Amino acid sequence: MVGEPVTRIRSEQEERKLPPLPSRDRYKEIRTRFAPNPNSVLHLGSSRPAILSHDYAAQYGGKFILRFEDTDPRIKRSDLKFYDYIREDLRWLGCEWDEEYIQSDRMKIYYEYAEAAIKGGSAYVCTCPQEKFKELTLASKACPCRGLDTKEQLWRFREMVEGGYKEGSAVLRVKTDLDHPNPAVRDWPAMRIIDPASHAHPRVGSDFRVWPLYNWASAIDDHLMGITHIIRGQEHTTNAVRQMYLYAAFGWEYPTTLHCGRLTIEGGSLSKSEIEKGIRERAFDGYDDLRLGTLVALKRRGIEAQAIRKLVYELGVKPSDAVISWDNLFSINRKLIDGVANRYFAIIDSPVRLMISDYPYSETTVQLKKHPDRAETRHITVKKNGQDLELWVERSDIERIGKGNEFRLMGLANAVIAEVDPAVAKFTGNDVSAARGKQHIHWLPISDHLELELINWENELQHGMIETNVASEQAGSHVQLERKFFAVVEKAEAGKVKLIYTSA
RNA sequence: GCUCCGGUGGUGUAGCUCGGUUAAGCAUAGCGGCCUUUCGAGCCGUUGAUCGCGGGUUCAAAUCCCGCCCGGAGCACCA
């Protein structure tokens, strides 16, 4: 599991460190956590807190914790498959975790602290209708339940747990400050009832009817797990304020928080709910549908995890949202894949047969480098059919070069265009040096090539042809179609080659 | 409406906490050029922001103060 990629990440981190972590000196060991709800897969936006949390822990020799927050079996219900999908996404991102927790396994803990908070007078069971509570709280007034004595509160809480209250009729609240300028902070809800009969939890079934809300479970876990730094989205800034009241009540020290803005990609990276909806309704083929901003889709398109990491480093921990451009991501990615992508000739846009007259050889095998920086070679053989040599080339190339101009068929020969349409050229020699400064174009033998299926940037299927050498590529490897673009191999078999466009 | 948080060239950021040799750095895009046993990749160069707006403090402000404008987040018995 800790193979070569991780080594690469380590050296990458040395090359480009994150800015110093605030108040790092207050803790003997830095402990961070990433806490997703397993109700969908990870997307580009999730990678920001995930990478920052993981890498900050790594940078200071600390621990990174993965915590599944699956405490809503009703509205944001989790699904068994996502626990594993998220683990896979995280591994791919290079965010291996040191400890893992699942909140639905920790229900007893949340109950215990609930009773402790009630006994300590910092929490109470509220049976007011939501509307009425809101009305009171907006007026900075206490609801009738707030003042009930501890014994009564405890009895009420046990009633919640044992089924004395119906779903929605009672909630555990944390006492804060009814005069707090932000009404959202006043006596926030900590635990509520969800009818287990109609909303079974995917992992623990119908064992519980009282479930913690985000602020309760998260606050208690962060303390119990010794989290020193919480790095999460800015939508949680108010939650930090809320939770501090609980921490104060228990005499705990609240972790240092870093809130970062949303990270989306231009053209609208989709939200979790949109992704789920689209997949349910079959608007998308799956989580790796190229139109999605999910990690699996980005991976499939040929974006390296390392590119995402670099991007996140570039963005830093600013609280403002960032809409990054594909160009930006591609550019970072290109630097990573350029060194590994083997080169091949492919003709997609406008194949045209070019007739080359006076070609002196009946058969020629050219040797080309698989990659300009490496010695490995690939070979293409062309055969004359009768008098002339025929090749596939791109019509646009012939048109651009124009009649009467000399050009170079890369690795093969020099020629002068005699006619653009139909495309005819006259052989002028083999010497590369004679083609200095001339246009170099790629080509393919008339019969010896493979059919190519390409999923282009617009997510459309395009047909073309590609040199046979590509058949030796593994699925998932990067290739560059010379003079055209980078792509990922989805399938490379003798009969059919399927590529996915990555970027220019 | 209320509570927070932001606003630097087309885009994303650095610098702003301890205001002055950086009157604004980096990346990307744009533009121009170079290379060639052979890519529009790469390499090199270059255009581009007076730092949201207005005022104030100061010898000096992107950096401090005030007002305004704009944007985002939150205001769920979601996470």
Side-chain angles (χ1 to χ4, degrees), chain A residues 19 22 35-39 69-72 74-78 103 126 128-130 133-134 137-138 160 167-173 180-186 188-194 210-215 217-218 232-242 259 261-263 266 272-273 310-311 313-316 318-332 334-335 337-339 341 343-345 366-369 371-373 377 397 400 408-412 414 430-433 435-442 480-486 503-504:
Chain A
N37 178 347
N39 67 340
E69 305 205 326
D70 56 348
T71 59
D72 180 9
R74 185 176 45 184
I75 300 166
K76 287 197 176 169
R77 192 169 190 276
S78 50
Q103 288 190 325
C126 173
C128 301
Q130 247 182 102
F133 180 84
K134 193 175 179 182
T137 202
L138 280 173
M160 277 178 76
E167 184 173 304
S169 61
V171 64
L172 181 76
R173 292 188 180 280
H180 193 281
N182 186 354
V185 173
R186 300 172 195 164
W188 49 270
M191 298 189 100
R192 80 321 204 163
I193 299 164
I194 293 174
V210 174
W211 287 90
L213 272 325
Y214 172 80
N215 280 299
S218 184
R232 77 228 306 181
Q234 58 156 335
E235 66 271 22
H236 289 298
T237 44
T238 317
N239 288 328
V241 180
R242 285 195 262 241
H259 290 129
R262 280 221 164 80
L263 166 59
E266 75 179 355
K272 266 188 180 184
S273 55
K310 284 194 171 194
L311 180 74
Y313 274 47
E314 220 169 81
L315 299 177
K318 284 187 66 168
S320 44
D321 294 348
V323 182
I324 69 114
S325 65
W326 284 102
D327 273 344
N328 217 121
L329 218 208
F330 287 156
S331 156
I332 296 170
R334 189 163 48 233
K335 287 180 174 60
I337 64 177
D338 184 39
R343 271 59 171 165
Y344 298 100
F345 288 169
V366 301
Q367 188 179 81
L368 294 157
K369 280 185 166 182
H371 184 104
D373 301 338
T377 55
D397 278 337
R400 177 152 21 80
R408 172 75 177 171
L409 290 156
M410 291 163 68
L412 178 66
N414 306 329
N430 291 306
D431 188 10
V432 209
S433 55
R436 254 173 177 277
K438 308 273 196 250
Q439 179 74 56
H440 287 53
I441 69 167
H442 58 95
Q480 189 199 77
L481 305 186
E482 287 205 63
R483 305 205 306 131
K484 298 181 82 69
F485 50 78
F486 288 95
S503 73

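Excluded from the calculations below are hydrogen atoms, water molecules and symmetry mates; all remaining heavy atoms, backbone and side chain alike, are included. Because the structure is a prediction, the values reported are computed rather than measured. By convention in this document, chain letters (A, B, ...) are assigned in the order of the sequence lines, proteins followed by strands, and residues within each chain are numbered from 1.
- Comparing G12(B), U38(B), G40(B) by their nearest atom to the side chain of His440(A) picks out U38(B).
- Comparing A41(B), U13(B), U37(B) by their nearest atom to the side chain of Leu315(A) picks out U13(B).
- Relative ring orientation between His442(A) and Phe345(A) is described as tilted, the plane-to-plane angle lying within the 30° to 60° band.
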Each nucleotide in nucleotides 69-79 of chain B should get exactly one letter: B, S or -. Can you fill that in based on protein heavy atoms under 4.0 Å? ---SSSSSBBB

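- For the atom pair Ile332(A) CD1 and Ile324(A) CD1, the distance stands at 7.0 Å (nearest 0.5 Å).
- Judged by closest nucleotide on RNA chain B, Pro319(A) is the one of Pro319(A) and Ser325(A) placed further toward the 5' end.
- Closest approach of Gln234(A) and Arg262(A) over heavy atoms only: NE2-N, 4.5 Å.
- Of the candidate nucleotides G40(B), U28(B), U13(B), G40(B) has the atom lying nearest to any side-chain atom of Asp397(A).
- Comparing the same atom, P, in C26(B) and in C66(B) gives a spacing of 34 Å after rounding to whole Å.
- Atom CD1 in Ile332(A) sits roughly 12 Å away from atom P in U13(B) (whole-Å rounding).
- Straight-line distance from the NZ atom of Lys318(A) to the P atom of G12(B): 9 Å, rounded to whole Å.
- Between U63(B) and G48(B), the distance separating the two P atoms is 24 Å to the nearest Å.
- Distance check, rounded to the nearest 0.5 Å: CZ of Arg483(A) to CZ of Arg343(A) gives 14.0 Å.
- When heavy atoms are screened at a 4.0 angstrom cut-off, Arg400(A) is found touching base atoms of the nucleic acid.
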Please list each protein N or O that sits under 3.5 Å from an N or O in nucleotides 29-35 of chain B, with the distance.
{"from": "A29(B)", "atom 1": "OP1", "to": "Arg334(A)", "atom 2": "NH2", "distance (Å)": "3.1"}

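- Residue Val323(A) is in sugar-phosphate contact alone, with no base atom involved, counting any heavy-atom pair closer than 4.0 Å across all strands shown.
- When all heavy atoms are compared, the tightest approach of Ala341(A) to His371(A) is O-ND1, 3.3 Å.
- U21(B) and C68(B) are spaced 35 Å apart, taking the C1' atom of each and rounding to whole Å.
- If you take CH2 of Trp326(A) and C1' of G10(B), they are 19 Å apart, rounded to a whole angstrom.
- Smallest separation of non-hydrogen atoms from Ile193(A) and Glu167(A): O-CG, 3.2 Å.
- Within the model, atoms CD of Glu69(A) and OG of Ser218(A) stand 4.5 Å from one another, a figure rounded to the nearest 0.5 Å.
- Smallest separation of non-hydrogen atoms from Arg408(A) and Asn430(A): NH1-O, 2.8 Å.
- Rounded to whole Å, the P atom of G74(B) lies 14 Å from the corresponding atom of A79(B).
- Residue whose closest nucleotide on RNA chain B sits further toward the 5' end, between Ala322(A) and Leu412(A): Ala322(A).
- Nucleotides C78(B) and A14(B) have their C1' atoms positioned 36 Å apart, rounded to a whole Å.
- For the C1' atoms, the distance linking G10(B) with C34(B) amounts to 27 Å, nearest Å.
- Atom pair Asn328(A):CG and A27(B):P shows a separation of 12 Å (rounding to whole Å applied).
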Stepwise side-chain contact (heavy atoms from CB on, under 4.5 Å) check, Leu263(A) with Leu315(A): CA-CA 9 Å; Leu263(A) 166 59; Leu315(A) 299 177; 3.4 Å; yes

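- Considering only side-chain atoms of Ser320(A), the nucleotide from U37(B), A27(B), G6(B) that sits closest is G6(B).
- Summarising the geometry, the separation between CZ on Phe345(A) and C1' on A41(B) is reported as 14 Å, rounded to the nearest angstrom.
- Across the protein-nucleic acid pair, Arg483(A) atom CZ and G42(B) atom P stand 16 Å apart, rounded to whole Å.
- When the C1' atom is used for both G56(B) and G33(B), the distance is 50 Å, rounded to whole Å.
- Within the 4.0 Å cut-off from OP1 or OP2 of U28(B), at least one side-chain nitrogen or oxygen of Lys335(A) is found.
- The heavy-atom pair separating Val210(A) from Met191(A) by the smallest distance is CG1-CB, 3.9 Å.
- Annotation: the span from Ile75(A) atom CD1 to Asn39(A) atom CG amounts to 11.5 Å, rounded to 0.5 Å.
- With P as the reference atom, U8(B) and C44(B) are 29 Å apart, rounded to whole Å.
- Salt bridge annotation for Asp72(A)-Arg192(A): present, with a cationic side-chain nitrogen under 4.0 angstrom from a carboxylate oxygen.
- Consecutive Watson-Crick or G-U pairs involving RNA chain B, each under 3.5 Å on both distances, make up stems of three or more pairs at B:1-7 with B:69-75, B:10-13 with B:25-28, B:30-34 with B:42-46, B:52-56 with B:64-68.
- One atom, CG of Leu311(A), and another, P of U13(B), lie 10 Å apart when rounded to the nearest Å.
- Closest contact between the side chain of Glu314(A) and the listed nucleotides G6(B), A27(B), G42(B) involves A27(B).
- Of all heavy-atom pairs between Leu368(A) and Gly411(A), the closest is CD2-CA, 4.0 Å.
- Counting to the nearest Å, the P atom of U37(B) and the CG atom of Asp373(A) are 15 Å from each other.
- Note that CG of Asp397(A) is 10.0 Å distant from CG of Leu409(A), once rounded to the nearest 0.5 Å.
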